[in-house]
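Any value given below was found using the heavy atoms of this structure, including those in side chains, with hydrogens, waters and symmetry copies removed.
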Amino acid sequence: MRYEFTLIDPDSGTEQQRWNLPLPVTVGRGMLCHISLDHGSISRKHCEFYAEDDGSLHVRDIGSKNGVFVAGSRVDRSAVEEDSIVRLGLLPVRIRCSHGDVSDASEPVASPKAVASDQDETHAVQILPTDRGRYEIG
């Protein structure tokens with residue numbers, strides 16, 4: 001079974017990015033997470049969505065600094081209802097069961113400001129030699 005995860009812009013309420021993935025799904029800033037969110041309130045490994053033995057959807061905080069919120073309350077672990085919004089740090093994410101065969105795992109929904117990222121959390125810096133024998137960052 002696949003689930004649709006939709007990132008909602010916290011300011012405008014518009015849908016920003018959508019992922020259609022099978023469980024379990026990890027979310028964080030880290031590049032090894034299934035859903036990578038480039039936002040200061042998101043930890044490198046923030047949370048995991050998974051199915052219990054009875055098939056119900058659950059979320060667990062995996063050491064985040066800014067928490068996971070279900071129905072407005074911060075949780076370490078909680079069941080997640082169909083078509084509900086879970087707040088990860090400051091970012092709301094809508095979760096729905098996907099009842100179809102979807103080929104794309106991730107797709108942009110709108111493009112006003114990029115909140116989601118598929119990039120690594122580190123960025124390359126070019127270091128250039130100077131004529132004085134020192135290096136400067138370019």
Side-chain angles (χ1 to χ4, degrees):
M1 179 177 294
R2 297 172 75 88
Y3 283 86
E4 180 182 277
F5 299 85
T6 305
L7 177 65
I8 308 295
D9 183 274
D11 298 322
S12 68
T14 59
E15 295 182 351
Q16 295 294 305
Q17 181 85 19
R18 187 176 298 133
W19 298 264
N20 193 294
L21 301 165
L23 297 178
V25 171
T26 55
V27 182
R29 267 186 305 113
M31 67 180 228
L32 298 178
C33 293
H34 297 103
I35 297 175
S36 180
L37 301 175
D38 186 18
H39 192 270
S41 71
I42 303 297
S43 297
R44 279 189 305 225
K45 291 182 179 178
H46 200 91
C47 69
E48 178 184 38
F49 290 91
Y50 62 97
E52 284 287 340
D53 291 338
D54 64 0
S56 61
L57 177 66
H58 282 68
V59 64
R60 98 174 113 233
D61 190 319
I62 51 177
S64 74
K65 182 176 183 181
N66 294 303
V68 174
F69 298 82
V70 175
S73 298
R74 187 171 182 161
V75 298
D76 288 328
R77 181 181 305 254
S78 176
V80 177
E81 297 296 321
E82 171 76 21
D83 198 22
S84 63
I85 294 180
V86 174
R87 188 164 50 92
L88 310 176
L90 297 175
L91 300 179
V93 176
R94 181 183 301 115
I95 295 95
R96 292 182 174 148
C97 183
S98 179
H99 300 287
D101 192 26
V102 180
S103 58
D104 290 334
S106 173
E107 62 183 61
V109 178
S111 59
K113 59 181 179 181
V115 179
S117 172
D118 292 329
Q119 298 178 0
D120 186 0
E121 70 258 22
T122 59
H123 302 283
V125 175
Q126 184 178 19
I127 300 175
L128 305 170
T130 65
D131 56 347
R132 295 183 295 269
R134 296 186 176 183
Y135 291 92
E136 66 184 35
I137 298 175

Compare all side-chain heavy atoms of Arg29 with those of His46 and state whether any distance is below 4.5 angstrom.
-> no

Side chain to side chain, Leu23 and Met1, heavy atoms closer than 4.5 Å |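 No, side chains not in contact.
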
Could you give the distance from [atom1] ([X]) to [atom2] ([Y]), rounded to the nearest 0.5 Å?
X     : Y     : atom1 : atom2 : value
Glu52 : Leu57 : CD    : CG    : 10.0 Å
Glu4  : Cys97 : CD    : SG    : 10.0 Å
Tyr50 : Thr26 : OH    : OG1   : 14.0 Å
Arg77 : Ile62 : CZ    : CD1   : 11.0 Å
Leu32 : Arg44 : CG    : CZ    : 10.5 Å

Closest heavy-atom contact between [X] and [Y]?
X     : Y     : value
Ser12 : Thr14 : OG-OG1, 2.8 Å
His34 : Val25 : ND1-CA, 3.5 Å
Cys33 : Val27 : SG-C, 3.8 Å

Kindly determine whether Ser98 and Tyr3 satisfy side-chain contact (heavy atoms from CB on, under 4.5 Å), including the steps that lead there.
-> CA-CA 5 Å; Ser98 179; Tyr3 283 86; 5.8 Å; no

May I ask you to check whether over 12 heavy atoms, not counting those of Asp53, lie within 6.0 Å of atom CG?
-> no

Between side-chain atoms of residues 83-95 and protein atoms elsewhere (two or more places apart, or another chain), which donor-acceptor pairs fall under 3.5 Å?
{"unit_1": "Asp83", "atom_1": "OD1", "unit_2": "Arg96", "atom_2": "NE", "d": "2.7"}
{"unit_1": "Asp83", "atom_1": "OD1", "unit_2": "Arg96", "atom_2": "NH2", "d": "3.4"}
{"unit_1": "Ser84", "atom_1": "OG", "unit_2": "Glu81", "atom_2": "O", "d": "2.7"}
{"unit_1": "Arg87", "atom_1": "NH1", "unit_2": "Gly89", "atom_2": "O", "d": "2.9"}
{"unit_1": "Arg94", "atom_1": "NH1", "unit_2": "Glu15", "atom_2": "OE2", "d": "2.8"}

